[in-house]
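Contents: one structure, followed by commentary.
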Amino acid sequence: MLEALSRHSYDFAFSLTNTAGCAARIAQEMPRAIAERYVPAMLKGERFGGSALSEPDAGSDFAGIKTHAAKDGDDWILNGAKAWITNAAFGDVFITCAQTDPAQGWRGIASFLVDGRREGFARSLAEALAGGGVIGAGGFTLKNYRVHADEVVSTPGQAFRRAMAGVNQARTYVAAMCCAMVDVCLETAIAYGKERQAFGGPLAAKQGWRWMAADIATDVEAGRLLVAKAADLIARGEDAALASAHAKKFATRMAIGRISDACQLMGAAGLREEYPFLRHLASARVANYTDGSTEMQNERIAAILVG
Ligand SMILES: Cc1cc2nc3c(=O)[nH]c(=O)nc-3n(C[C@H](O)[C@H](O)[C@H](O)COP(=O)(O)OP(=O)(O)OC[C@H]3O[C@@H](n4cnc5c(N)ncnc54)[C@H](O)[C@@H]3O)c2cc1C
């Protein structure tokens with residue numbers, strides 16, 4: 001489904017899957033009364049949400065987050081700021097990570113359900129991006145925001161592990177969505193190349209042009225096979241850390257180069273707004289950062305390979 005949507009708008013699909021992922025976690029991991037409060041509204045598209053890990057001073061170095069959670073009886077009081085959060089421009093249901101004890105490093109991180117309609121939550125200005133704006137990336141601050149005991153999603157020590165486990169699925173989705181963007185760009189270029197005449201025949205008859213199209217197709221095929229491998233491991237409940245890192249690294253990098261190549265096949269026409277090339281190129285750039293940057297995929301792969 002995300003592949004089909006991403007052919008038109010990666011950004012919309014990414015926004016949708018963040019709300020859906022948040023709703024799924026609330027449904028599966030939280031008490032029924034809380035799930036009933038949020039999940040139907042999220043599924044109806046009345047409320048939007050996501051996962052809030054990143055901060056103004058901590059992105060790749062997730063263990064370095066500074067948003068603080070202090071115990072107050074059975075409740076927790078949160079203070080801090082989140083940045084670059086999908087759907088934060090308009091959403092208000094966020095599974096939010098906070099540090100309970102800086103001396104514990106990643107073991108001190110817990111996650112909490114934060115409701116943007118409650119006291120202590122203030123939305124920041126959304127990021128004004130040159131592309132990918134539909135994702136609604138933005139931030140929020142928490143000032144003495146009170147989390148009730150039954151709104152703790154993952155306890156200290158569990159949140160980091162849970163985030164790392166969930167990220168394999170997210171990485172596989174992103175990889176699949178990148179393959180879909182390249183695929184639709186290739187299809188568009190081929191349709192154009194069959195019509196456009198140059199040097200006494202269609203562009204699509206020129207060997208140099210055709211070979212570029214064939215190279216793009218090979219990369220999409222390779223990306224899809226890496227996605228299929230990771231998705232299969234996830235579906236069988238097996239460890240997909242390595243497979244999803246390979247899939248995400250390959251597909252996001254490949255999308256940058258291959259969307260650009262498909263645009264080249266179109267000549268200047270590829271720059272027109274009616275075509276997906278530049279929109280998808282901006283989204284492919286975004287994909288190289290979300291759910292762990294390309295370099296963080298390499299870190300994961302190397303840690304598994306080398307130790
Ligand atoms: C549109 C959009 C939506 C997002 N949505 C969310 C969201 O919903 N929730 C959320 O929590 N976050 C979200 N993010 C944030 C995303 O997870 C971060 O951008 C990402 O983790 C990278 O962090 P950073 O941008 O702070 O880069 P930095 O961590 O500052 O890194 C800058 C560059 O240096 C590289 N780098 C960093 N450390 C190393 C290293 N040790 N070795 C080699 N290279 C390194 C990085 O790969 C990157 O290329 C979103 C980002 C974008 C752009």
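Counting begins at 1 with the first residue of the sequence. When a ligand or atom number is given, it counts from 1 through the structure's own listing order. Note that the structure is predicted; figures quoted are calculated from it, not measured. Keep in mind that the numbers below use all heavy atoms, side chains included, and drop hydrogens, waters and symmetry copies.
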### Query
Is it the side chain (CB and beyond), the backbone, both or neither of Ala58 that lies under 4.0 Å from ligand 1, heavy atoms counted?
neither
### Task
Please identify which atoms of ligand 1 are closer than 4.0 Å to at least one heavy atom of Leu53.
10 (C), 11 (O)
### Query
Does any donor atom in the side chain of Tyr289 or Arg285 lie under 3.5 Å from an acceptor atom in the other side chain?
yes
### Query
Is there at least one protein heavy-atom neighbour under 4.0 Å from atom 33 (C) of ligand 1?
no
### Task
Could you check whether the rings of Trp106 and Phe160 sit parallel, tilted or perpendicular, using 30° and 60° as the cut-offs?
tilted
## Note on the structure
Out of Gln297, Met296, Glu295, the nearest non-hydrogen contact to atom 41 (N) of ligand 1 is supplied by Met296
### Message
Between Glu36 and Arg32, is the salt bridge (charged side-chain N to carboxylate O under 4.0 Å, His left out) condition met? List the steps.
### Response
CA-CA 6 Å; Glu36 281 172 357; Arg32 192 175 175 89; 3.1 Å; yes
### Message
Using a 4.0 Å heavy-atom cut-off, which part of Val286 comes near ligand 1: side chain, backbone, both, or neither?
### Response
side chain
### Query
Looking only at heavy atoms of Gly50, does any of them come nearer than 4.0 Å to an atom of ligand 1?
no
### Query
Heavy atoms, side chains only, cut-off 4.5 Å: are Cys178 and Arg253 in contact?
no
### Message
Counting C-beta onward and ignoring hydrogens, is there a side-chain heavy-atom pair between Asn79 and Asn144 closer than 4.5 Å?
### Response
yes
#### Entry: Phe121 and Phe94 aromatic ring geometry - parallel, tilted or perpendicular at 30°/60° bounds
parallel
### Message
Closer than 4.0 Å and a protein heavy atom, does any atom meet both conditions relative to atom 17 (O) of ligand 1?
### Response
yes
